Asks: 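Sending over a structure as structure tokens; questions will come in a sec.
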Amino acid sequence: MSAFLELDGVTASYGTVQALFGVSLRLDEGRVLALMGRNGMGKTTTIRCISRLLPHKGGTIRFRSSNLAGLNAPRVARLGIGLVPEGRRCFAPLTVAENLTVAARPGPWDIPRVVRLFPRLGERMGQVSRTLSGGEQQMLAIGRALMTNPKLLVLDEATEGLAPVVRQEIWEGVRRLKAEGLSILVVDKSLKELASVADSAVVLERGQTVWTGGLEDLTPEMADRWLGV
Amino acid sequence: DGVKVGLITTLSGGGAGIGADVRDGFMLALKNAGDAGKQVEVVLEDDQQKPDVAVQIADKMIQSDNVDVLTGIIWSNLAMAVVPAATGQGKFYLSSNAAPSALAGSGCNPLYFSVSYQNDNLHEAAGAYASEKGVKKMFIMAPNYPAGQDSLAGFKRFYTGEVVAEVYTQVGQTDFAAEIAQIRASGAEEVFFFQPGGMGIAFLKQYAESGVDIPLIGPGFSLSEDILPAVGDAAIGIKNTSHWSTDLDNPANKAFVEGFRADFGRFPSLYAAQAYDTANLLLSAMAKASPSDPEAFRAALAAAEFDSVRGKFGFGPNQHPIQDIYVLEVEKRDGELTNKIIGTAMTDRGDAYAEQCQM
Amino acid sequence: MADPILSIRGLKKSFGALTATDDVSLDLFPGEIHALIGPNGAGKSTLIKQIVGEIRPNEGTIRFEGQVIDRLDAAARARLGLARSFQVSSVIPDFTVLQNVMLAVAGADGHVFRFHRPALSDRTLTEPARFHIAHAGLSGREGTRASVLSHGERRKLEIAMALALRPRAFLLDEPMAGMGLEGAKQLTAILSDLRSEAPILLVEHDMDAVFALADRISVLVYGRIIATGSVAEIRANPEVRRSYLGEEA
Amino acid sequence: MLLAEQVLNGLQYGMMLFLMAAGLTLVFGVMGLINLAHGSLYMIGAFACATVAAWTGSFWLGLAASLAAAAAAGALVEMAVIRRLYPRDHLDQVLATFALILVFSEGTRWIFGDFPLYLKLPPALSGAVTLPGGLQYPLFRLVIIAVGAAVALGLWLLITRTRLGIRIRAGEADREMIGALGVDIARLYTIVFALGAALAGLAGALVGSIQSVQVGMGEPVLILAFVVIVIGGIGSIKGALVGALLVGMTDTLGKAVIPGLFARFMEASDANTSGSAVASMLIYILMAAVLLVRPQGLFGARA
Amino acid sequence: MNRDLIVNLVIFALLVAVALGAHVAGQGFTVTLATKAAILGLAGVGLNLALGYGGLVSFGHAAFFGIGGYVTGIFASHAANGDPILTLPFTLMGSNEMLGIWPMAMLAAALAALLIGALSLRTSGVYFIMVTLAFAQMIYYFAISWPRYGGEDGLSFYVRNSFPGLNTFDPIQYFAICAGLLALALLFTAVVTQSRFGLALQATRQNEQRSTAVGIRATPVRLTAFVLSAMITALAGALYADLNRFVSPSMFSWHMSGEIMVFVILGGVGRLCGPVAGAAVFILLEHLLGPVSDHWQALLGLMLLAIVLFAPGGLIGLTLKALRRTEHG
Ligand SMILES: Nc1ncnc2c1ncn2[C@@H]1O[C@H](COP(=O)(O)OP(=O)(O)OP(=O)(O)O)[C@@H](O)[C@H]1O
Ligand SMILES: Nc1ncnc2c1ncn2[C@@H]1O[C@H](COP(=O)(O)OP(=O)(O)OP(=O)(O)O)[C@@H](O)[C@H]1O
Ligand SMILES: [Mg+2]
Ligand SMILES: [Mg+2]
């Protein structure tokens with residue numbers, strides 16, 4: 001069976017500065033993959049390559065058996081990748097409702113369903129997102145990605161800045177989404193939570209894949225070496 | 001041997017049409033003069049209608065091209081920059097259009113000749129005409145800059161009736177609804193307006209649409225042949241004052257108008273006529289003297305012995321024209337709009353500033 | 001107990017119908033880390049913005065070292081020694097890490113109108129700046145432009161700039177966010193040492209850090225402080241557990 | 001009566017300004033592009049209308065041509081030039097569109113010659129009508145009020161009520177992100193830019209038919225359009241409309257009233273010149289005053 | 001030496017070399033063109049301090065350029081006719097000494113900039129662009145219709161003002177004066193932008209919120225930069241007036257503001273010699289294309305377009321990039 005998402009030896013640079021030196025990973029349909037590594041190791045850069053915000057230099061990226069090399073960001077997104085980017089990036093001058101509808105595509109996720117997940121957003125529908133609290137913006141970013149009804153959800157530190165109860169709800173939601181068959185690529189710092197949802201993990205070190213396996217196989221020494229715990 | 005002429009005029013932007021007439025009129029005269037015309041070498045440059053550019057071009061023509069004579073400037077504000085620079089460096093300047101009052105009075109200069117008309121003249125003539133016609137109440141209007149202020153002052157100098165309203169519009173204004181409303185409410189018998197270029201086109205079109213039927217009178221260049229096609233039939237019948245017209249009956253003018261139409265396929269405007277006269281004045285002086293002998297050359301110019309398209313033509317003490325000024329009316333001739341002469345507003349008119357000139 | 005360094009009384013701020021800060025009173029004493037926790041949108045950042053003078057409260061008074069600072073603008077408050085970090089990193093993107101921190105040093109010593117001496121060779125700027133960069137765990141990145149830092153590195157720069165202000169009080173809005181496990185551990189150690197220099201008002205959703213660091217915790221819900229107490233007291237508070245901590249108590 | 005007419009003139013002039021600014025509201029206000037060549041697109045519309053009307057004798061065909069020509073020029077400009085500048089500093093747009101002004105102005109003169117063109121209203125729109133109250137008022141000025149109002153309503157609906165509008169605003173806020181969510185913003189931008197250009201062309205044809213159709217006609221339009229949009233608050237259609245009406249009223253009533261006021265305490269002819277000097281500064285004084293009180297314009301969101 | 005410094009020196013040296021070469025070859029007018037480039041470059045250097053380093057996109061710098069010019073014109077014309085410029089509150093006589101006129105021009109512009117800046121800096125972004133434009137337009141319309149100094153016709157003063165020990169009418173000597181002042185202004189800008197003040201100014205441009213949070217109030221910093229910038233541009237205006245022996249309201253027009261801005265962007269925003277390169281190239285193109293075709297402005301437009309599209313960071317950005325590429329092999 002060919003993988004749902006597969007990266008093989010991907011390299012990439014920002015201008016003249018190389019950031020990825022060979023990232024490989026594989027995510028099968030309906031699974032959750034954790035992407036891990038210390039600050040500045042290339043997690044976000046990898047995600048930018050997958051969603052074509054940064055064209056990669058070498059290696060291959062395949063998603064649902066298309067080679068992504070020649071495609072632009074909107075095309076790839078329409079193939080079914082929903083991105084929750086690092087730093088939220090809500091559309092500041094748009095209201096919550098507009099943020100949610102701006103890129104919505106038909107499917108099970110609609111506004112009522114997002115509001116059921118994040119009741120707080122329901123209370124703030126008409127507010128421009130610039131003035132939302134940090135956590136509210138994070139909820140909005142997740143809701144916005146879900147509204148595109150993706151096949152692959154990419155979460156880059158999506159629980160950053162959320163209150164513990166909400167964070168628990170998000171993880172609960174992730175588990176539910178996984179149960180519904182959605183594939184998920186997740187970057188997060190909470191090992192405990194990742195362990196409970198991720199089927200496998202990839203660790204990056206200086207822009208390179210250094211380890212792949214089940215999270216339960218990650219020994220404390222490895223965690224200390226690569227993640228600093 | 002020959003004379004080198006620096007022709008500085010506007011060849012780009014909105015004023016390029018007038019510049020084209022100046023250039024074409026000047027060149028036509030040289031062409032018509034045959035061999036004599038070949039003695040004149042012309043350096044042509046675009047002033048972009050910017051005074052600083054004009055003065056730099058003048059410097060260049062004087063310092064690098066070694067021209068003997070400069071001419072061609074259309075706009076007063078450019079002339080104010082260039083004329084002192086040229087005469088200050090010992091070069092002749094023959095104005096083919098702009099002749100601001102400052103250069104006619106205390107600022108006059110032996111090396112500077114106006115071959116056109118002193119700026120106030122056409123406005124004065126309009127005032128004289130209105131008085132003579134017995135118009136008792138006039139509404140007068142011009143843009144708010146020196147040429148506009150001079151124009152209304154010039155009009156009032158010879159107008160004896162009552163000015164019911166004196167309105168200054170904004171330079172570059174394109175909508176005249178407010179002024180037209182004032183005209184309608186003013187109770188004036190006629191309206192004198194000075195609106196050069198695009199402002200004039202816009203005003204005339206809007207006036208025609210407004211349903212106000214108070215007659216208009218303007219200076220000739222507000223209804224000259226370069227803009228009449230753009231105004232269209234709305235202009236027919238409007239009176240204006242000018243020292244020249246396409247139908248002036250003299251041989252020089254016939255040759256000029258026909259030659260111009262044949263070469264360029266349009267009626268010449270007064271700008272073209274003045275440039276044509278300027279070139280002929282220059283040629284007449286060249287026949288008698290060389291610019292290298294400024295005294296003699298100046299005397300030869302001052303004699304003004306050439307066949308002007310205006311018929312009789314002479315200079316006053318400040319080297320500005322003394323000439324007749326006519327009343328014209330816009331008409332359609334051969335399917336094209338132009339002016340015809342319907343009367344004379346002033347005869348042998350000089351200007352109001354000559355006394356202040358000490359040369 | 002000593003006098004509070006920062007003392008807030010009856011602070012109120014509304015946005016239209018929403019009361020984001022509702023009659024909040026709070027003290028920050030020398031040597032303490034006072035954590036402010038509460039659900040998303042409770043008004044924590046809004047409170048910090050009012051303390052630093054970025055937005056004006058509708059009612060209430062703020063005293064800093066005994067002085068009423070209600071009328072001072074944000075820059076003046078910063079120069080009095082109120083340092084803040086931003087919830088969303090806010091740095092000077094085209095400056096290097098070093099220049100960013102130098103700017104903070106220059107701002108703190110108040111001598112901005114010097115036109116003559118090149119800043120980069122001014123050791124009164126560069127030396128403290130390098131020290132704080134090292135302290136925040138960014139050594140080796142001095143010459144890197146801030147815009148190319150990774151998210152976590154930028155958070156560290158944010159801390160270095162706060163340190164460089166040599167403040168009399170720190171107001172930190174979610175400093176741990178985005179830090180990564182290792183960074184969070186380092187930062188916990190840094191903050192723990194810092195409290196002897198100046199007290200900290202710490203807004204944070206990372207409960208590991210809060211429980212490890214806080215001397216006192218206040219809980220803000222819908223703009224109101226519903227509880228203040230020690231770590232143990234707050235962990236035990238059923239209301240706080242229900243509305244905020246969930247399983248993490 | 002005169003005052004009533006001047007108020008109507010102010011309203012009409014305001015609508016005319018709005019019409020001239022409408023395309024720019026879309027391109028600059030909503031998409032956030034500094035397009036100095038807006039006046040050139042206006043000029044292209046007028047020239048296309050005049051030429052086609054002269055060929056075919058039909059103003060209406062001319063009007064259609066003006067929309068088409070301006071839209072085509074707009075689309076071309078967007079695809080060939082503007083598109084490459086999105087990731088850059090706004091100032092590069094200033095330089096690029098300044099260069100476009102030169103190209104368009106001289107190009108137009110190249111094609112159409114040095115002289116102003118003839119463009120006249122069709123008989124159906126010309127002449128004066130008598131309003132209730134007995135006021136004679138030019139029909140085309142009423143038409144401009146109507147077209148201006150229709151354009152305002154249409155734009156407002158487009159921007160606030162359609163997904164296209166939301167997407168464009170999102171693209172302005174974060175172009176990369178909207179792409180990552182699957183919206184092909186490049187194509188949308190081309191469409192909207194062309195639409196803005198078409199509106200500029202429409203204004204050029206309509207307004208040009210009662211002003212002069214000549215090279216350089218777009219320059220005063222450019223500045224006025226920016227003034228209108230900025231007074232109203234960038235990005236707000238309602239703001240642009242209110243801004244336009246405010247400027248129109250101020251300008252018209254200023255010209256009508258100020259010289260008279262000055263005449264009360266100075267000599268008549270001085271009052272006329274200095275009064276009208278002040279009147280010509282008035283809209284800039286208005287703009288400065290509005291922005292000093294509300295730095296984000298009347299209806300602008302706080303920056 | 002670093003690359004930026006070399007590029008800056010080369011640009012300045014080129015300008016001087018062109019002028020000297022033309023002088024030796026007896027091409028007086030080319031010297032005048034180089035002088036014009038130096039003067040307009042100087043105006044751009046002024047604007048660049050506000051726009052490039054401070055992010056203050058002033059679309060009203062023609063106001064200061066024109067004030068510099070008019071102060072020169074007014075002093076010179078009063079010197080010629082002997083009337084005092086002012087009798088109240090103190091008597092101020094005309095002058096034709098450049099060294100006396102320049103400080104006056106800069107002072108007048110500084111006062112105007114203080115007022116305009118203090119008001120305009122309440123706004124930011126495009127609003128700032130438009131408020132500065134508004135103030136310049138007010139001055140422009142005032143100048144057009146104010147008859148005292150010629151209104152739209154402008155003011156001629158026939159002879160260039162004098163400078164001790166030099167014959168200012170000699171093109172190369174006048175060039176020397178302008179180039180000397182340009183060099184001083186460049187040095188001044190280089191020093192100021194490297195200083196603490198420069199650090200603060202550039203910080204407020206990029207992130208005002210952050211600057212405030214470290215205790216730096218943006219407005220005084222910006223206002224200072226705006227005033228300094230206006231003074232440099234006014235000096236350029238004074239020199240331009242003397243170059244032409246003539247001033248007119250077109251110096252105040254928005255075209256002028258736009259042109260100065262174009263020089264800055266063309267050369268490279270926030271680059272020391274950017275405005276000089278921009279002005280020089282613009283003038284060179286204008287001069288070279290003029291004779292090529294009647295429609296040279298279209299060609300000029302296309303050339304500018306090509307530069308924006310293919311040279312991000314302006315001419316200097318392009319040069320630096322090319323140098324970097326050759327260095328990397
Ligand atoms: N826009 C950029 N330009 C240049 N370099 C960049 C840019 N963004 C990131 N980098 C560099 O690329 C490397 C990888 O960064 P990336 O953002 O992928 O890290 P990360 O693993 O997501 O880190 P974090 O946990 O801090 O978010 C870092 O060294 C960073 O400095
Ligand atoms: N300018 C504003 N206009 C309207 N509502 C606002 C404005 N600023 C903040 N709010 C609202 O006020 C509430 C408090 O916001 P604040 O940012 O203080 O929350 P917070 O406690 O910091 O939350 P988080 O932990 O998610 O960062 C939120 O609901 C927010 O949407
Ligand atoms: Mg990251
Ligand atoms: Mg917050």
Side-chain angles (χ1 to χ4, degrees), chain B residues 11-13 16 19-20 23 43-66 75-89 98 100-103 106-107 109 119 143-150 153 168-173, chain E residues 22 25-33 35-36 39-40 65-66 69 81 140-147 149-160 169-171 237 240-241 243-251 253 255-256 259 283 286-287 289-291 293-298 300:
Chain B
L11 294 170
S12 59
R23 175 194 61 203
V43 185
L44 178 69
E45 293 257 10
D46 174 18
D47 61 30
Q48 303 173 46
Q49 207 173 334
K50 293 179 187 162
D52 51 335
V53 173
V55 81
Q56 286 152 17
I57 293 174
D59 278 353
K60 174 197 155 220
M61 287 177 164
I62 294 167
Q63 291 162 17
S64 289
D65 299 331
N66 293 314
W75 320 96
S76 294
N77 57 334
L78 273 66
M80 288 299 294
V82 168
V83 174
T87 54
Q89 295 176 67
S101 52
L103 297 176
S106 54
N109 189 296
N119 276 5
N144 195 20
Y145 69 126
Q149 289 149 11
D150 285 354
Y168 285 102
T169 59
Q170 192 175 325
V171 177
Q173 181 171 330
Chain E
Q27 294 276 332
F29 183 65
T30 310
V31 179
T32 303
L33 278 184
T35 311
K36 186 178 172 189
I39 294 173
L40 294 179
F65 190 71
N81 62 25
Y140 171 71
Y141 281 111
F142 176 77
I144 278 194
S145 39
W146 190 44
Y149 293 108
E152 149 141 320
D153 282 353
L155 183 63
S156 279
F157 51 93
Y158 306 95
V159 280
R160 220 166 255 167
F169 205 76
D170 179 14
Y240 199 61
L243 177 71
N244 298 332
R245 286 104 51 217
F246 170 78
V247 291
S248 83
S250 69
M251 287 179 88
S253 75
H255 294 98
M256 193 71 229
E259 231 166 75
I283 289 166
E286 217 175 45
H287 184 63
L289 293 176
S293 154
D294 258 8
H295 300 282
W296 62 273
Q297 289 196 349
L300 177 65

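What you are looking at is a predicted structure, and each value in this text was computed from that prediction instead of being measured. To find a chain, count down the sequence lines: A is the first, B the second, and so on, and within it residues start at 1.
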Asks: For B:Asn144, is it the side chain, the backbone, both or neither that has a heavy atom under 4.5 Å from a heavy atom of chain E?
Replies: both
Asks: Among B:Gln48, B:Lys60, B:Met61, B:Gln149, single out the residue with the greatest number of heavy-atom pairs under 4.5 Å to chain E.
Replies: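 Between B:Gln48, B:Lys60, B:Met61, B:Gln149, the count favours B:Lys60.
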Asks: With only heavy atoms counted, which part of E:Phe29 is less than 4.5 Å from chain B, the side chain, the backbone, both or neither?
Replies: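 Contact with chain B involves both backbone and side-chain atoms of E:Phe29.
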Asks: Between E:Leu243 and chain B, which part of the residue has a heavy atom less than 4.5 Å away: side chain, backbone, both or neither?
Replies: both
Asks: E:Phe157 versus chain B, heavy atoms under 4.5 Å apart: side chain, backbone, both or neither?
Replies: neither
Asks: Heavy-atom cut-off 4.5 Å, strictly under: side chain, backbone, both or neither for B:Ser12 against chain E?
Replies: side chain
Asks: Let me know if E:Trp146 has heavy atoms under 4.5 Å from chain B in its side chain, its backbone, both or neither.
Replies: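 No part of it gets close to chain B.
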Asks: side-chain contact (heavy atoms from CB on, under 4.5 Å) between B:Gln89 and B:Asp59: does it pass, once the steps are laid out?
Replies: CA-CA 9 Å; B:Gln89 295 176 67; B:Asp59 278 353; 3.0 Å; yes
Asks: Run the side-chain hydrogen bond (donor to acceptor under 3.5 Å, both in side chains) test against B:Gln56 and tell me which residues pass, sequence neighbours left out.
Replies: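 Listed in chain order: E:Lys36, E:Tyr240, E:Asn244.
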Asks: What part of E:Ser145 gets closer than 4.5 Å to chain B, counting heavy atoms only: side chain, backbone, both or neither?
Replies: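 Its backbone and side chain both get close to chain B.
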Asks: Output the option from B:Leu11, B:Val55, B:Asp52, B:Val83 having the highest count of non-hydrogen pairs under 4.5 Å with chain E.
Replies: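 Going by pairs under 4.5 Å, I would pick B:Asp52.
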Asks: With a 4.5 angstrom heavy-atom cut-off, could you sort out which part of B:Lys50 is near chain E: side chain, backbone, both or neither?
Replies: side chain
Asks: For B:Glu45, is it the side chain, the backbone, both or neither that has a heavy atom under 4.5 Å from a heavy atom of chain E?
Replies: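 Neither part.
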Asks: With chain E as the partner, which of B:Gly88, B:Ala16, B:Ala81 has the greatest number of non-hydrogen pairs under 4.5 Å?
Replies: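 Max contact count across the listed options: B:Ala81.
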Asks: Below 4.5 Å, heavy-atom pairs only: which of E:Ser250, E:Gly151, E:Ser156 has the largest tally toward chain B?
Replies: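 Heavy-atom pairs under 4.5 Å are most numerous for E:Ser156.
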